[in-house]
Each structure stands twice: as C-alpha cells, then as structure tokens.
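This report concerns only the one structure given below.
Every heavy atom of this structure was used, including side-chain atoms; hydrogens, water molecules and symmetry mates were not. Worth saying up front: this structure is predicted, and the values here are computed from it rather than measured. Here, residue 1 is the first one in the sequence, and each next residue gets the next number.
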Amino acid sequence: MDFLVTVSWTTASGDVMGRGFTVVRRLAPGETRKVEIRAKVAPAAMQCVPGVEFGTIKA
C-alpha cells in the first residue's frame, strides 16, 4: 500500500500558509518508516494540520 502524507500549516481561520508532503510506497501492514517533510511556511501560520491518504499511487 502507498501513502501520501501531508502537513499543512494554516491560520486560525483555515487559510493555508504552507504545505509539505511525501509519498511512502509499498508500506506493508505493521511496517514503519521515518519520513521528513519540509515546507516554506508564512509567518501567519497558527496551527499544523496532518493528513494521510492511502491506496495505490501511480507515478
């Protein structure tokens, strides 16, 4: 299974001030991997919002 891992930094009202992502491919049940996500984030960011989608990601 593949995973798209995102992190968005938003204002208190939900406006996105930065976003980063990474794709983790072929992750088996019970398997773990370390990931690093980098993004440029505007100073107005107030909160961090994580997200994950899974399935088969085609290149």
Side-chain angles (χ1 to χ4, degrees):
M1 177 130 343
D2 300 331
F3 293 84
L4 171 63
V5 182
T6 62
V7 179
S8 298
W9 288 266
T10 68
T11 63
S13 63
D15 296 322
V16 176
M17 297 285 102
R19 179 174 287 139
F21 70 92
T22 191
V23 174
V24 180
R25 295 189 183 275
R26 296 179 296 281
L27 189 67
E31 182 182 1
T32 61
R33 289 196 204 149
K34 289 187 179 188
V35 298
E36 182 175 315
I37 296 176
R38 294 175 183 244
K40 290 185 179 183
V41 180
M46 300 292 291
Q47 56 193 6
C48 176
V49 182
V52 176
E53 294 188 35
F54 63 93
T56 301
I57 298 174
K58 297 180 181 180

Common cluster, V41/M46, ILVMFWY with side-chain heavy-atom separation under 4.5 Å: no
Out of curiosity, does V23 fall in the hydrophobic cluster containing V52 (side-chain heavy atoms, cut-off under 4.5 Å, transitive links)? no
So which heavy atom on G20 is nearest to which on W9, and how close? N-CZ3, 4.0 Å
Within a reach of under 6.0 Å around CZ of R33, are more than 12 heavy atoms found that belong to other residues, nucleotides or ligands? yes
Atom CZ of F21 with >12 non-hydrogen neighbours under 6.0 angstrom: no
Just so I know, are the side chains of L27 and M1 near enough to count as touching, which here means a heavy-atom distance under 4.5 Å? no
Any idea which heavy atoms bring D2 and I57 closest together, and the distance? OD2-N, 2.9 Å
Grab the two heavy atoms, one from M17 and one from A44, that are nearest each other, plus how far apart they are. SD-CB, 3.8 Å
Could you check whether any side-chain heavy atom of R19 comes within less than 4.5 Å of a side-chain heavy atom of V7, counting everything from C-beta outward? no
If only side-chain N and O atoms count, and only distance matters, is there a donor-acceptor pair under 3.5 Å linking S13 with T11? yes
Could you tell me whether E53 atom CD has more than 12 heavy atoms of other residues or ligands within 6.0 Å of it? no
